[in-house]
Amino acid sequence: MTAAAGLGAAGLAAALLADASTTAVTAVAGVVAGLIAAVSLLAGAVRIAPGWRHQSAAWRWLASGTAAWAAGVGVRPLAEGTPFMLTFADVLLVVGAVLLAVGSGRTARRRAYGRSLLHYATSAYISAASLFAIAWVVLLAPLYARSDEPSTLVSPVVCLLAACAVAPAALASRSAGRRVGIAGLAALTAITLQEIATAMARVTTGGALSLAAGLVAPLAFLLLAAAPWASRARTRPVRAPSSVIVEGAPLVLAAVAAVVLVVHVIAKGSERPVAVLPFVVASVVVVLLAKVFVLAVETASMRGGLDSSERRLIHLAESAGDLVLVCDHDGVMREMGAGVEALYGYPPRELVGRSIFDYVHAEDAPGIQAALKTLTADDDLALERQSACRVACRVRAADGTWRPAESVATRHPSEGEDLVLISTRDVSDQVALRNQVAHLTFHDGVTGLPNRAYFEERTREVLARRGGGTTAVVFIDLDGFTGVNDSVGHAGGDYLLSQAARRLRAAVHSDDTLARWGGDEFAVLLESGGSGPSAGSGTADAQSAIDLAERLVRAVSSEPFRVADRDIALTASVGVAFAEDGVPAGDLIRNADVATTRAKELGGRRVEVFAAHMHADVVRRLELAADLQRALLAGQFAVEYQPVVDLSTSRVTAVEALVRWSRGNTLVPPQQFLGAAEDTGLIVPLSEWILGEACREVAAWRASSWDIGLSLNLSSRQITAPRFVETVEAALAESGLPASALTLEVIEEMLVEDADEIVSRLSELRALGVRLAIDDFGTGYASLAFLRQLPVDMIKIDPSFVSGLGRDETLTLLTRTIVRLGHDLGLIVVAEGIERPEQLELLREMGCTRGQGYLVARPMAARGVDSLMRTSLSPLQETA
Ligand code: C2E
Ligand code: CA
Ligand code: CA
């Protein structure tokens, strides 16, 4: 609307042209257009949203510039012809131009000309100076030369300076601000042109300005008036001029200015030089030099920035715990991160110039060499694919330790040289953790030895790559360890095991694998080729395995273990199995185990070598155990009773209960199945059954007023079974058998080995009134003196002594001694295994009071005892 009004005013002014002077017309047009523009710009400034303060201010500056200029144009006709060198109107015009320039330049983007204000200022100055120089030479210089009143040039010169100063900023400004800048610049250019025209008119025609020239500025102002109202939608974001144009334009302008100056000098010869030009040229040169200097400084600082960003990168890597170094393709270190000092203890400077291979484990060197080689590959494609290499290696620290590290190597072109940047991370902690986990998985916490899982794996490995040599597994089982936990507690038991492990470790060769198999069992793997001085021939190898096994037995039993202020003497049963071709690891280990069991059965503290039949024995035994279980349920067991008689009166004083197993049609003797029953624990329920059965029978015979006692054999497992004493008590109570009629037989070894618990249980029973007997007396270790300390009522002389009576003088003497000693100690002495009459005679003569044997009576079923009782005759009398 305002634009329309402006155009209307212009039309009005044109209509006045017919009879008014040209000067008046142009003055009126200038005033009207200027005022319209000022009002429009002010209105535009008010309309602008508060967020755009800069733009609003720019419009206001332009408005005031326009108003000042309009005023100048308005008063110019009045001021014309005054004696003042510079008219009042000229001042207003100059002020208007300056205000317009400020408005146009306000929105210029400071950064449009480059990175710094200095850049912008120098570029703007060079552009402005060049434009000015060209305009001066082409337009103003001729005027100046002809003018006798230089003041007429003030206004055009100021306008030109203002336009030149603002042009670079206005052109380089962006988006919304650009509209203000360009509108302002257009108005400035228009008034500059009009002022130059006016000056030319003043000089040439004495003041009369052509109408066309006089309407340039008014028209430009009308356009300026429309500028704030131009559609916003059309002001698309304008791309910033490319940096080539921004940087290049001032230089192009300077070059054009130089050409114009040269052409001018050549064309005009030695005409009076134009006063201002030397200053302009000199200033441009100075500014150009300044610009070059700034550029040089900036380039240097850019390079510094590049360096420092590289340093920052290295610092960043090092603060993340990585060590960064640069080396060439031969591994010679060129730069070294400061972190190397903290990480490996080397001062960085000491390393520069040395080869990384001096610090890397020899075994890892080939991997690193290969990585460096891949990074040097000439083939560009290969390079792209292999721009980074990962290498794991061990690094020697200054303290001499090897530290595991993981590195990434990348190409690092530097000053024309192709180097390698290596970032290294110390992974000692991770590796230690991994090792610890592996250790926990494959080691036993109590002894620190490898565990069963490790041993099995290792045996598999060794057998898989076995050559011709001997491979053997040696199994060690501690005898009598079962009671240790009970007597010294589990911690004490563990402590003993760790001591045992140390002794075994000391006995085996360092190449052999010693492991804790579990519980009180250990295992040794002897590898092919053998160890020790006898390695070589197969038999020598086998012998060295046996030697080792014997060493292990000695290591355990040589001296007692000291646990909780107590000495605990242990022995070991050791089994050896040799690997045959193609034997699976599991079988080899099992064979050694079988041999160990055999060594234990044979009394322990010995070495057994696995033989094929042992395995068959084990299988048979397992079958036997299963059969026993079924037999107990099926009631296949029976009790036989062997009478014990008073040798002087031949009266039956007691019966010994002996268990029988009728397996199918055969009667299996107790020696053949009791071991298996003991191993499987079946002995406990079986013995309970025998106890109840025998107590009932004997109680029944006693009820028929036959004064008869009962002897029962005990196994150690039975005695140590929970509630053993209560079981005996219950059997006595149930059957009504008096405790004094029951004699419990134990063999000597039970009272010597694991003595504590068994002796205390037996003492409890004895307190109930039950009698105790030592069975098979003379075969074990119990010394005669030892007898005194034991809660015993009876000894049963072993048949091996009785069998020699009358034939072997030593045995006869020994028997006599035992009988006498027994009597001296107040014990009942029973002779077992009496088969011949002369044995009976001798025993009677020695004063032995009781006897048992086939000569007296064979073991018999309960019915047999019944008839024996009925005849009431002593079997001795019958035979006699
Ligand atoms: P033991 O306790 O020494 O039993 C005596 C063994 O000698 C019996 O063998 C018996 O039959 C045998 N015998 C008796 N008189 C003579 C003889 O004049 N000449 C010969 N050569 N042998 C004679 P049996 O019944 O085979 O028992 C063997 C062993 O089995 C017993 O030796 C005992 O240690 C054990 N035993 C038997 N029954 C039981 C039982 O119920 N419980 C336990 N724990 N062990 C038992
Ligand atoms: Ca017995
Ligand atoms: Ca016996």
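Being a predicted model, the structure only gives us computed values, none of them experimental. Residue numbers start at 1 and run along the sequence shown. As the structure lists them, so they are numbered: ligands from 1, and atoms in each ligand from 1.
A cation-pi contact links Arg858 to Tyr854, judged by a cut-off of 6.0 Å to the six-membered ring centre and 45° from its axis. By the 6.0 Å and 45° rule, Arg503 stacks over the aromatic ring of Phe561.
At most 12 heavy atoms of other shown residues, nucleotides or ligands fall within 6.0 angstrom of atom CD in Glu809. Within a 6.0 Å radius of CZ in Arg505, more than 12 heavy atoms belonging to other residues, nucleotides or ligands are found.
Every atom of ligand 1 is numbered from 1 in the order shown, and the set under 4.0 Å from a heavy atom of Glu835 is 17 (C), 18 (O), 19 (N), 20 (C), 21 (N). Numbered from 1 in the order shown, with element, the atoms of ligand 1 that lie under 4.0 Å from a heavy atom of Gln642 read 14 (C), 15 (N). Listed by number with element, the atoms of ligand 1 under 4.0 Å from a non-hydrogen atom of Gly853 are 15 (N), 18 (O). Residue Glu656 has at least one heavy-atom neighbour below 4.0 Å for each of these atoms of ligand 1: 1 (P), 2 (O), 4 (O). Less than 4.0 angstrom separates some heavy atom of Gly833 from each of these atoms of ligand 1: 17 (C), 18 (O). Each of the following atoms of ligand 1 lies closer than 4.0 Å to a heavy atom of Asp776: 3 (O).
A salt bridge links Asp707 with Arg702: at least one charged nitrogen is closer than 4.0 Å to a carboxylate oxygen. The pair Arg590-Asp593 does not count as a salt bridge, with every side-chain nitrogen at least 4.0 angstrom from each carboxylate oxygen.
Neither the backbone nor the side chain of Leu712 comes within contact range of ligand 1; no heavy atom lies under 4.0 Å. Neither the backbone nor the side chain of Glu693 has any atom closer than 4.0 Å to an atom of ligand 1 (non-hydrogen atoms only).
Between the side chains of Thr720 and Glu757, no donor-acceptor pair is found at a separation under 3.5 Å.
Across the listed options Ile719, Leu674, Val659, Leu674 owns the non-hydrogen atom lying nearest to atom 36 (N) of ligand 1.
The atom of Asp775 nearest to the Ca ion (ligand 2) is OD2, with the search restricted to N, O or S atoms.
Ligand 1 lies within reach of Pro859, whose nearest heavy atom is under 4.0 Å from it. Distances shorter than 4.0 angstrom occur between a heavy atom of Arg660 and an atom of ligand 1. Not a single heavy atom of Pro669 sits less than 4.0 Å from an atom of ligand 1. The closest approach between any non-hydrogen atom of Glu832 and ligand 1 is below 4.0 Å.
Here Asn713 reaches the Ca ion (ligand 2): one of its N/O/S atoms is less than 3.0 Å from the metal.
An angle of 100° is found at the Ca ion (ligand 2) between Glu745 atom OE1 and Glu656 atom OE2, rounded to 10°.
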_Steps toward side-chain contact (heavy atoms from CB on, under 4.5 Å) verdict (Asp520, Asp477)_ = CA-CA 6 Å; Asp520 58 354; Asp477 191 311; 3.6 Å; yes

